[in-house]
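Below: the structure, in structure tokens.
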Amino acid sequence: MYKTYKWSVLPKTTPTVLRYCPKCGRQSEFLSSKSFRVNANQNNIDVWLIYQCDKCSSTWNMEILSRVDSSTISKDIYQKFISNNQELADYYAYDVAIHNKNKAVMNFDSLQYDISGDNISLTDIREAIQIQLSCSYPTNMRLDKLLSQKLCISREKVRKFIDQNIIYSNGIKDLGRAKLRGDIKINILP
């Protein structure tokens, strides 16, 4: 039987988008403004999420909806677009399919995270434990880095424990190189 710990990973910001900025004349990072542009033309609605260049503040509109019949959009969602709902803006800022449709390259490298849940001292554990990691958004965070931070040991020591099967996960083949995706269970032996 495992003693269970629950950790939740929440990004503090949204990923940036890497694209050519015509004002800067080079590839730049564009940040989500968390604002929508909505255009209604007769019964059709267009919606974009507005991004800004982090250097010059020029904008780029990422298409969310194009020529969609207004009767197919719920009044609640439409109101969220109009009121620049932050949760909806974050949802689309993490939506890989929308970014792919717009040929936008998502950049997760500069994201910072809040990790809730107790730190664990491996010297204090006397029984096998299981860590249930939960993350609702795609990330680029490596699991060995997260484990190092929350277990208060070096990444080298984490990799050593992985190699010795002291730290393991049934669902992940190479835990030492894996990135955090969705919900994961990691087991640690005493």
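When a residue number appears, it is its place in the shown sequence, counting from 1.
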Could you check if a side-chain atom of [X] sits within less than 4.5 angstrom of a side-chain atom of [Y], using non-hydrogen atoms only?
X    : Y    : answer
I77  : S74  : yes
K145 : R155 : yes
L18  : E29  : yes
V47  : N39  : no
L65  : W48  : no
V68  : N44  : no
L143 : L133 : yes
N187 : S169 : no

How long is the span from the [atom1] atom in [X] to the [atom2] atom in [Y], to the nearest 0.5 Å?
X    : Y    : atom1 : atom2 : result
I188 : L147 : CD1   : CG    : 6.5 Å
K3   : R126 : NZ    : CZ    : 11.5 Å
Y51  : T16  : OH    : OG1   : 8.5 Å
Q86  : S32  : CD    : OG    : 8.0 Å
N107 : R19  : CG    : CZ    : 14.0 Å
M106 : T14  : CE    : OG1   : 8.5 Å

Assess the residue pair S8 and C135 against the criterion (side-chain contact (heavy atoms from CB on, under 4.5 Å)); give the C-alpha distance rounded to whole Å, side-chain angles, the decisive distance to 0.1 Å, and a yes or no. CA-CA 6 Å; S8 181; C135 185; over 6 Å; no
Under 4.0 Å between a Lys/Arg side-chain N and an Asp/Glu carboxylate O for R159 and D163?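 The answer is no: the pair does not qualify as a salt bridge.
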Do [X] and [Y] share a hydrophobic cluster, counting only Ile, Leu, Val, Met, Phe, Trp and Tyr and linking them when any side-chain heavy atoms are less than 4.5 Å apart?
X   : Y   : result
I64 : Y78 : yes
I82 : I45 : yes
M62 : V38 : yes
I50 : W60 : no
L31 : Y92 : no

The test is side-chain hydrogen bond (donor to acceptor under 3.5 Å, both in side chains); show your working for D109 and N140 and say whether it passes. CA-CA 7 Å; D109 294 340; N140 229 16; 3.1 Å; yes
Considering non-hydrogen atoms only, spot the tightest contact between [X] and [Y] and give its length.
X    : Y    : result
Y113 : M141 : CD1-CE, 3.4 Å
S35  : L49  : O-CD1, 3.4 Å
K34  : A89  : CA-CB, 3.7 Å
K23  : S58  : CD-CB, 3.9 Å
C21  : F30  : CB-CZ, 3.8 Å
P15  : L111 : N-CD2, 3.7 Å

Step by step, work out the side-chain contact (heavy atoms from CB on, under 4.5 Å) result for I120 and Y5. CA-CA 9 Å; I120 301 168; Y5 292 86; 3.7 Å; yes
Run the side-chain hydrogen bond (donor to acceptor under 3.5 Å, both in side chains) test on S83 and N85 for me, step by step, so that the C-alpha distance in whole Å, both residues' side-chain angles and the decisive distance to 0.1 Å come before the verdict. CA-CA 6 Å; S83 64; N85 180 278; 5.3 Å; no
[X] [atom1]: over 12 foreign heavy atoms closer than 6.0 Å:
X    : atom1 : value
K12  : NZ    : yes
Q27  : CD    : yes
K160 : NZ    : no
Q42  : CD    : no

For the backbone of Q52 and the side chain of S57, can you confirm whether one donor and one acceptor N or O come within less than 3.5 Å of each other?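 Not at all, since once roles are kept as given, no pair shorter than 3.5 Å links the two residues.
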Carefully, step by step, assess D183 and Q132 under the rule side-chain hydrogen bond (donor to acceptor under 3.5 Å, both in side chains). CA-CA 7 Å; D183 295 339; Q132 296 176 353; over 6 Å; no
Walk me through it: do E63 and N102 pass the test side-chain hydrogen bond (donor to acceptor under 3.5 Å, both in side chains)? CA-CA 7 Å; E63 181 181 277; N102 282 273; 5.6 Å; no
Give the C-alpha distance, both sets of side-chain angles, the deciding distance and a yes or no for side-chain contact (heavy atoms from CB on, under 4.5 Å) between T4 and I129. CA-CA 6 Å; T4 303; I129 63 172; over 6 Å; no
Walk me through whether I167 and L175 qualify under side-chain contact (heavy atoms from CB on, under 4.5 Å). CA-CA 9 Å; I167 298 175; L175 192 58; 3.8 Å; yes
According to the interplanar angle, ranging from 0 to 90°, do the rings of Y94 and Y137 count as parallel (below 30°), tilted (30 to 60°) or perpendicular (above 60°)?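 Y94 and Y137: tilted rings.
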How are the rings of F81 and F36 set relative to one another: parallel (under 30°), tilted (30 to 60°) or perpendicular (over 60°)?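 Because their plane-to-plane angle is over 60°, the rings of F81 and F36 count as perpendicular.
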